[in-house]
J.: 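Below is the structure I would like to discuss, written out as structure tokens.
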Amino acid sequence: MKTKWQPAVSFEMLLARARLLEKLRKFMNKHGILEVETPILVDAAVSDPHIESFETALQYPGGRHIRKHFLHTSPEYAMKRLLASGSGPIYQICRVFRDNEIGKYHNPEFTMLEWYRPEYDHHQLMDELDELLQVLNFKPAQKKTYAEVFKEKTDLDPHTTALVELQKTATDYGYTAQGDERSVLLDFIFSHCVCDHLGHECPHMIYDFPVVQSALARIRHSDPPVAERFELFIHGLEIANGFHELCDAGEQKKRFVQDNLQREKSGKPEVFIDEKFIEALKYGLPPCAGVAVGVDRLLMAMHHCTDIREVIAFPVDRA
Amino acid sequence: MGTFSTNEFKAGLKVMLDNDPCAILTNEYVKPGKGQAFNRVKLRNLKTGRVIERTFKSGDTLDAADVIDLEVQYLYNDGELWYFMNQENYEQYMAGEKAMEDTAQWIKGEELCTMTLWNGAPLTVSPPNFVVLEISDTDPGIRGDTATGGSKPAKLETGAVVKVPLFVEKGEKIRIDTRTGAYMSRA
């Protein structure tokens, strides 16, 4: 077999990527958001039960102390520590790493733009993201709630529909597994029946998620209660995920414990809770909103690509 | 026979689904950024030929199906069963009506066919992509008319009925694409 040493993309794509990064930085700069860098090599893995970290070992000179370390899957914890220490609005453009994710829309390492806005809620941050998209020549985005688009496509209310009914709908759409919890069934139905329809005429911002999908978002105790989380979709593809951030250290710790319980259930390794992050929350994370944008997917959306390998010079099979 | 996990699913892999042997056609990895990973898989049911789409939770498994493809030569039909021979070891196989459903009408003898065995028994037989057969009956041709695009039905020596151009005559041999049943040319 011939060694594939050449880049997988054209020079035009390299140029498009460089221009995009330039525009992102310019936008952030203009909006008074400070560029920061945080460690890629970290000592606590992400707890999210659906995300797997690459594990490595840190060796101190002399070879005596070896400590387990990980490649970060997102700069979130460290950036929140900066926010807690009073940084003000910050952004970062960095590589993040997620094991066991390879496909048309997934490369195990990818570029993320993540930014945080103290005093913003998720609506204000969606508006700022919309402004950024328009600078990149996208049409003005349309906001819709998760429940609204879910109902449009399935006639089901994601907040109140009983588990058995969700299971039945999932099975009807060809889902083979049984006995899953609510969150997994919602993931299946949303990704198979709803996503494809989003973001075709204009970008769609989907907000106010079911509480079982709150991740690191705060929960608003309305009727029904919702997670103040949003996702951006363009051409049916998820491009960004944002939160009105959870600032409560106690609640955050509870979610870590829950994550670990779920990891145990699905046979994944337990992760140590990042105490530095919890301590920062205890000290006080200012009320804020944050969003992570997949830069590779944004490039895909800008150039109507259908495979992430069309925008990465050396995707994993050539890395 | 063992099992395969979703990350081993690739085109051509033979697996058991709902008690039927299936061949995987495509396998797409689907994962929400903050959610469960899935594999959206297209499979062909090897018994019915139907294409189905199913979604598995990533990491789930399916049993392997004991399915192999053999190249065999068609020998004869005794009115009930069709007889084939594996040319490598001269082993004979008998296929019933069900396995021959779409194939019987294209073969008369000596053709090399692809036989799919499931648990050692013939599941389906595919004819060669192209066959040459004699026309046993058709309306008289319009001699010299090779320009107008009309067609007429023609019955072949195997009993199959295909559409042929108007100029083709009874007794002539023609070439057929068995995948579409279309007339290709005079042979």
Side-chain angles (χ1 to χ4, degrees), chain A residues 46 48-52 73-74 98 100-106 110 112 170-171 173-181 183-196 209 212-217 227 229 231-233 237-243 262 266-268 292-294 297, chain B residues 1-67 118-119 123:
Chain A
V46 69
D48 188 315
H50 301 302
I51 298 180
E52 290 176 43
T73 60
S74 140
R98 296 181 182 183
N100 216 346
E101 298 194 6
I102 300 177
K104 266 168 79 179
Y105 308 119
H106 296 83
F110 58 99
M112 192 172 259
T171 306
Y173 280 108
Y175 186 48
T176 55
Q178 294 282 333
D180 280 310
E181 68 251 34
S183 172
V184 172
L185 292 174
L186 290 176
D187 276 338
F188 169 80
I189 298 170
F190 196 84
S191 60
H192 285 69
C193 316
V194 185
C195 274
D196 293 349
F209 276 58
V212 290
Q213 311 215 313
S214 50
L216 300 183
R229 171 181 165 192
E231 283 192 339
L232 164 67
F233 288 87
L237 187 59
E238 176 196 338
I239 307 280
N241 178 73
F243 302 129
Q262 219 192 315
S266 51
K268 290 193 176 127
V293 181
R297 289 188 180 182
Chain B
M1 283 248 348
T3 59
F4 292 106
S5 154
T6 50
N7 56 21
E8 298 169 286
F9 288 4
K10 57 175 198 283
L13 190 73
K14 313 286 198 304
V15 291
M16 294 298 297
L17 182 72
D18 303 336
N19 302 318
D20 277 353
C22 294
I24 287 176
L25 302 174
T26 60
N27 174 19
E28 190 185 342
Y29 179 72
V30 179
K31 185 182 182 303
K34 295 271 173 196
Q36 174 67 45
F38 303 104
N39 289 71
R40 192 189 268 192
V41 181
K42 271 195 184 141
L43 314 98
R44 184 190 305 284
N45 182 318
L46 294 173
K47 261 172 143 177
T48 63
R50 286 213 349 242
V51 173
I52 38 186
E53 194 177 298
R54 290 292 168 83
T55 297
F56 299 84
K57 204 150 69 162
S58 288
D60 278 0
T61 58
L62 285 177
D63 287 331
D66 179 8
V67 170
W118 178 36
N119 296 332
L123 183 67

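Proteins come first, then strands; the chains are lettered A, B, ... in the order of their sequence lines, and each starts at number 1. Source: prediction; values computed, not measured.
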J.: Side chain, backbone, both or neither: which part of Phe38(B) has a non-hydrogen atom closer than 4.5 Å to chain A?
T.: side chain

J.: Report yes if the side chains of Val293(A) and Leu232(A) come closer than 4.5 Å at any heavy-atom pair, otherwise no.
T.: no

J.: For Met16(B) and Ala64(B), work out which heavy atoms get closest and say how close.
T.: CG-O, 3.7 Å

J.: What is the distance from atom SG of Cys22(B) to atom CG of Leu62(B), rounded to the nearest 0.5 Å?
T.: 8.5 Å

J.: Inter-chain polar pairs, chain B versus chain A: which donor-acceptor atoms lie under 3.5 Å apart?
T.:
from	atom 1	to	atom 2	distance (Å)
Tyr29(B)	OH	Asn100(A)	O	3.2
Lys31(B)	O	His106(A)	NE2	3.3
Lys31(B)	NZ	His50(A)	O	3.3
Gly33(B)	N	Glu238(A)	OE1	2.9
Gly33(B)	N	Glu238(A)	OE2	3.3
Gln36(B)	N	Asp187(A)	OD2	2.9
Arg40(B)	NE	His192(A)	NE2	3.4
Thr55(B)	N	Gly174(A)	O	2.7
Thr55(B)	O	Thr176(A)	N	3.0
Thr55(B)	O	Thr176(A)	OG1	3.1
Thr55(B)	OG1	His192(A)	NE2	3.0
Lys57(B)	NZ	Asp180(A)	OD1	2.4

J.: Indicate yes or no: at least one non-hydrogen side-chain atom of Phe190(A) is less than 4.5 angstrom from one of Leu186(A).
T.: no

